[in-house]
Amino acid sequence: MTDGPTDTVATGTSCHACGESVGEVDQFCESCGAPLREQEAMVAVEPLATDRSNPPPGSNVARACSCGAEIDSDGYCTACGLRAPSERDHFSEQPAPDVAFVCDRGIVHARNEDAAALGVAEHHVVLVVCDGVSNAFDSDVASLAAACAARDVLTEADGSKSSSPAAVVEHWTDLHHDAAVAAQREAAATAAGVPAGENPPSSTYVAAVIDSGVLIAAWIGDSRCYWLPDVGPALQVSVDDSWATVQVNQGTAREVAEAGPQAHAITRWLGIDSPGGAPSTTSIALDGPGWVLVCSDGLWNYCSSAPNVAALLEQHVAVIGDDPLQLAGALCQWANDQGGHDNVTVALARVSGDVAADPDLDPTPRSA
């Protein structure tokens with residue numbers, strides 16, 4: 001399954017979003033409805049939801065186009081046919097001062113199939129990012145449903161009964177499995193309304209829990225988790241389930257593999273046609289201040305290795321400070337400035353480093 005960039009412009013003969021044939025004078029693709037020209041409808045959009053209990057819906061909030069006609073349920077003007085902006089195009093959330101995300105449609109894609117959800121409990125913080133697969137029907141619905149389901153499981157769970165790092169890791173690893181099951185269930189359920197002949201909705205998945213100075217991550221697909229300490233080496237915590245990872249494991253240089261034509265072909269995903277299996281999990285000690293960054297490939301397409309991601313974040317911190325919402329927005333904008341070939345989601349949590357953890361925790365990823 002491929003989840004990657006599409007061409008940046010529409011030609012006179014094919015749609016930039018789905019590749020189907022179009023006429024030279026067509027303004028919209030008859031297959032997927034994507035606009036074939038730069039112009040979009042101008043409508044008034046209500047403020048974006050940022051409350052954790054009120055995640056953004058997948059449909060338009062705006063009901064009137066600039067031409068005066070109504071917007072249909074698919075998000076297009078019933079008179080002029082132009083696409084109306086959706087609140088899914090760009091939304092954000094900051095449930096606490098030290099954790100936030102920004103999710104953006106990017107430049108090229110006709111819709112935002114990324115989603116994110118955050119949770120803040122008494123003793124732990126939760127970050128979840130899901131990236132809907134672009135060549136599958138209603139993947140934007142699947143990604144949001146999966147992210148919210150996993151967020152709820154992890155946020156509402158009790159903390160570990162013991163504060164020892166080993167106990168914390170065991171506790172959250174078990175709960176990561178439960179959260180992934182919930183995410184898979186919700187993603188699969190969205191296939192019920194898929195028309196015959198369409199690929200069923202599917203999504204990548206990555207979740208991170210920060211508790212008692214330990215980061216415990218779980219993933220399916222190629223959305224990523226990084227640990228970016230203020231001092232010391234940066235680390236890509238997750239390992240992509242992708243064709244590129246297979247190539248790297250076989251000796252291909254990372255930059256070569258990730259630039260290959262099949263680099264974004266994922267080997268595991270959420271959805272009714274998922275190959276199945278538990279998420280991969282790992283844990284590391286956070287023995288100093290730094291940042292946990294969880295993102296979709298819309299960001300790491302342009303900045304992949306952990307040292308480079310750390311340097312990019314440090315550059316933005318130097319300019320705009322350490323507010324995670326501002327930083328997440330700046331990183332999304334940076335990805336768009338590089339071309340914005342994909343939806344981009346950045347979730348950030350600031351770790352104070354006040355709680356010392358066991359530095360001997362094994363960061364080797366493992367699958368159950």
Side-chain angles (χ1 to χ4, degrees), residues 96-101 118-129 150-151 153-155 157-180 205-220 223-240 245 278-295 300 304-314 317 322 324 327-328 346-368:
D98 55 355
V99 59
F101 79 75
L118 304 176
V120 177
E122 183 178 1
H123 297 296
H124 65 279
V125 172
V126 176
L127 304 92
V128 183
V129 168
R151 182 270 319 278
V153 170
L154 294 170
T155 306
D158 293 331
S160 172
K161 294 181 179 179
S162 170
S163 61
S164 75
V168 170
V169 169
E170 181 179 6
H171 175 77
W172 289 113
T173 298
D174 289 344
L175 284 165
H176 267 309
H177 292 170
D178 295 343
Y205 170 83
V206 61
V209 174
I210 305 165
D211 183 11
S212 303
V214 181
L215 166 63
I216 310 95
W219 65 93
I220 297 172
S223 291
R224 291 183 179 177
C225 177
Y226 294 90
W227 166 236
L228 311 173
D230 292 354
V231 178
L235 177 66
Q236 181 183 325
V237 179
S238 57
V239 178
D240 301 344
T245 294
S280 298
T281 60
T282 195
S283 57
I284 60 171
L286 309 180
D287 55 355
W291 295 91
V292 173
L293 186 153
V294 179
C295 67
W300 69 254
S304 177
S305 72
N308 288 345
V309 174
L312 178 67
L313 179 63
E314 184 178 356
V317 169
D322 61 0
L327 288 171
V346 177
L348 283 165
R350 179 64 181 167
V351 176
S352 66
D354 293 339
V355 179
D358 185 351
D360 296 324
L361 284 179
D362 180 9
T364 304
R366 50 194 177 272
S367 297

Ignoring hydrogens, what is the shortest heavy-atom contact between [X] and [Y]? Give both atom names and the distance.
| X | Y | value |
| --- | --- | --- |
| A208 | V294 | CB-CG2, 4.0 Å |
| Y226 | S304 | OH-O, 2.6 Å |
| A234 | A310 | CB-CB, 3.8 Å |
| A167 | S162 | CB-CB, 3.6 Å |

Q: Could you walk me through whether I216 and T173 pass the side-chain contact (heavy atoms from CB on, under 4.5 Å) test, one step at a time?
A: CA-CA 7 Å; I216 310 95; T173 298; 3.9 Å; yes
Q: May I ask you to decide if D240's main-chain N or O and W219's side chain share a donor-acceptor pair within less than 3.5 Å?
A: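 It does not hold such a pair.
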Q: Measure from the side-chain N and O atoms of H124 to the backbone N and O of L154, and report whether any donor-acceptor pair falls under 3.5 Å.
A: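 Checked: pair present.
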Q | Within 6.0 Å of CG in D158, more than 12 heavy atoms from elsewhere | A |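 No, CG of D158 has 12 or fewer neighbouring heavy atoms, counting only those of other groups under 6.0 Å.
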Would you say [X] and [Y] make side-chain contact, with heavy atoms under 4.5 Å?
| X | Y | value |
| --- | --- | --- |
| H177 | P279 | yes |
| W227 | V351 | yes |
| L127 | I210 | yes |
| W300 | V309 | no |
| C225 | V292 | yes |

Q. So how far is it from L215 CG to S283 OG, rounded to the nearest 0.5 Å?
A.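 Output value for this atom pair is 8.0 Å.
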**Q.** From H171 atom NE2 to S163 atom OG, the distance as rounded to the nearest 0.5 Å
**A.**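 If I round to the nearest 0.5 Å, the distance is 12.5 Å.
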Q: Quick one: list whatever passes ring-ring contact (aromatic ring centres under 6.0 Å, His included) with H176, sequence neighbours left out.
A: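 None.
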Q.
The criterion is side chain to side chain contact (heavy atoms under 4.5 Å, CB included); which residues satisfy it with A96, sequence neighbours excluded?
A.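 Once residues adjacent in sequence are excluded, the partners of A96 under the side chain to side chain contact (heavy atoms under 4.5 Å, CB included) criterion are D98, V99, V120.
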Q: Applying side-chain contact (heavy atoms from CB on, under 4.5 Å), run through F101 and V129 and close with a yes or a no.
A: CA-CA 9 Å; F101 79 75; V129 168; over 6 Å; no
Q: Verify side-chain contact (heavy atoms from CB on, under 4.5 Å) between E314 and L228, making sure each step is shown before the conclusion.
A: CA-CA 9 Å; E314 184 178 356; L228 311 173; over 6 Å; no
Q.
Using the salt bridge (Lys or Arg N to Asp or Glu O under 4.0 Å) criterion, which residues pair with D230? Sequence neighbours excluded.
A.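 D230 satisfies salt bridge (Lys or Arg N to Asp or Glu O under 4.0 Å) with R350 once adjacent residues are dropped.
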Q.
Run W172 and V214 through side-chain contact (heavy atoms from CB on, under 4.5 Å) and show every step you take.
A. CA-CA 10 Å; W172 289 113; V214 181; over 6 Å; no
